[in-house]
Amino acid sequence: MKEVTDREQLHSFLRTHQLETVFNEPLMPHLSLYRFDQGEWICSQGEPSEVLYVLVKGKIKVYTTSAEGKTLIISFKTPLEVIGDIEYIQEIPIINTVEAVSPVHMIGIPYRFLKKYAADYAPLLNFLLDIITRKFYMKSNFLSFNILHPVEVRLASYLLSVTYDESADAGFQGQLSTFSLTDVANWIGTSYRHLNRVITKLSAEGLIERSNGFIVVKDKEGLSALADQNIYE
């Protein structure tokens, strides 16, 4: 994580996402802009929660880990999204781990200043209410989709989510390391063996390719058609 000290860039993001009225004047000096590199954690499940983050550029991955160490992907998020909102309201530790998929910019506001200057500020509370209710709606849909869709669809959706971010600089395109396939199997809810069978099948169909320790998307349109609607976004 690196703090971006350019206040004009911060205010540019506020204007772009129409956030200038969400934060009142006393809160403005306590807003900070942060940059996270690809693969960097924004927050980790179970840690104390102290900062509200607003995603204003880039893509993040949200996942949870069970007591047995198994992980499950929750969703991928692009702007405008908030991390730490439920934790702020409920005063609880971080619920899920959040990781940058592409280079990410986030506006951060410490909880102590939110409570001091905006605890009863209606525009901010309405903004958080809208974000939180949308999260619960999407999570409900996700649970149904993840159960009903076959592994081919889940893998196609996952690959599209981790390898493309249309909002990133220079058309960011990532790759999936084959060393992470065990994690991928956990994230999309299948076995490592079955995941490899599906990868072989999609490779034979020309949609993806194993190359130098990575899985590369060869046919984005074909993979998008298989994913139908990207169930993780």
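Since this is a predicted model, take the numbers as computed values, not measurements. Nothing fancy with the numbering, it's 1 onward along the sequence.
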Report yes if some heavy atom in the side chain of [X] is under 4.5 Å from a heavy atom in the side chain of [Y]; otherwise report no.
X: Leu33; Y: Asp6; result: no
X: Phe76; Y: Val162; result: yes
X: Val4; Y: Lys2; result: no
X: Val101; Y: Ser161; result: no

_Atom CG of Asn212 with >12 non-hydrogen neighbours under 6.0 angstrom_ = no

What residues, two or more places apart in sequence or in another chain, satisfy side-chain contact (heavy atoms from CB on, under 4.5 Å) together with [X]?
X: Glu209; answer: Ser211, Lys218
X: Asn196; answer: Leu181, Tyr192, Arg210
X: Val198; answer: Val151, Glu152, Leu155, His194, Leu202
X: Ser32; answer: Glu3, Tyr34

With sequence neighbours excluded, what pairs up with [X] under the side-chain hydrogen bond (donor to acceptor under 3.5 Å, both in side chains) test?
X: Thr190; result: none
X: Thr97; result: none
X: Tyr63; result: Trp41, Glu99
X: Glu47; result: none

Closest non-hydrogen atom pair between [X] and [Y], with its separation:
X: Leu27; Y: Ala118; result: CD2-CB, 4.0 Å
X: Gly58; Y: Pro79; result: O-CD, 3.2 Å
X: Pro93; Y: Gly46; result: CB-O, 3.7 Å
X: Ala100; Y: Asp37; result: CB-O, 3.3 Å
X: Leu14; Y: Ile107; result: CD2-CD1, 3.7 Å
X: Thr65; Y: Gln45; result: N-OE1, 2.7 Å

_ring-ring contact (aromatic ring centres under 6.0 Å, His included) partners for His11, two or more places apart_ =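 His11: no ring-ring contact (aromatic ring centres under 6.0 Å, His included) contacts found.
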
_For a side-chain contact (heavy atoms from CB on, under 4.5 Å) check, start with the C-alpha distance between Tyr53 and Val98, then their side-chain angles and the critical distance, and finish with the verdict._
CA-CA 11 Å; Tyr53 288 109; Val98 181; over 6 Å; no

Spell out, yes or no, whether [X] and [Y] are grouped together once hydrophobic residues are joined by side-chain heavy atoms under 4.5 Å, including indirect joins.
X: Val54; Y: Leu125; result: no
X: Ile132; Y: Ile94; result: no
X: Phe36; Y: Leu52; result: no
X: Val51; Y: Val56; result: no
X: Phe127; Y: Leu55; result: no

Anything under 3.5 Å between a donor and an acceptor, one on a side chain of residues 80-88, the other on a protein residue two or more places apart or in another chain? List them.
| residue | atom | partner | partner atom | Å |
| --- | --- | --- | --- | --- |
| Asp85 | OD1 | Lys135 | NZ | 2.8 |
| Asp85 | OD2 | Lys135 | NZ | 3.0 |
| Glu87 | OE2 | Ile95 | N | 3.0 |

Rounded distance [0.5 Å steps], [atom1] in [X] versus [atom2] in [Y]:
X: Thr163; Y: Tyr158; atom1: OG1; atom2: OH; answer: 10.0 Å
X: Ser224; Y: Leu207; atom1: OG; atom2: CG; answer: 10.0 Å
X: Ile89; Y: Leu128; atom1: CD1; atom2: CG; answer: 5.5 Å
X: Gln90; Y: Ser49; atom1: CD; atom2: OG; answer: 11.5 Å
X: Ile74; Y: Trp187; atom1: CD1; atom2: CH2; answer: 12.0 Å
X: Leu31; Y: Leu19; atom1: CG; atom2: CG; answer: 9.0 Å

Do the side chain of [X] and the main chain of [Y] share a donor and acceptor less than 3.5 angstrom apart?
X: Arg154; Y: His149; answer: yes
X: Ser102; Y: Lys59; answer: yes
X: Thr64; Y: Asn96; answer: no

*Please step through side-chain contact (heavy atoms from CB on, under 4.5 Å) for the pair Ile188 and Leu195, ending with a clear verdict.*
CA-CA 9 Å; Ile188 67 174; Leu195 178 64; 4.0 Å; yes

*Taking only residues at least two apart or on different chains, which pairs with a member in residues 13-26 satisfy side-chain hydrogen bond (donor to acceptor under 3.5 Å, both in side chains)?*
Glu8-Arg15

*asked:* Taking the ring centre of each residue, are Phe23 and Tyr117 less than 6.0 Å apart?
replied: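 Not close enough - the centres of the two rings lie 6.0 Å or further apart.
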
*Name all pairs fulfilling the salt bridge (charged side-chain N to carboxylate O under 4.0 Å, His left out) condition that reach into residues 103-116, sequence neighbours left out, sorted by first residue then second.*
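Output for this query lists Glu91-Lys115.
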
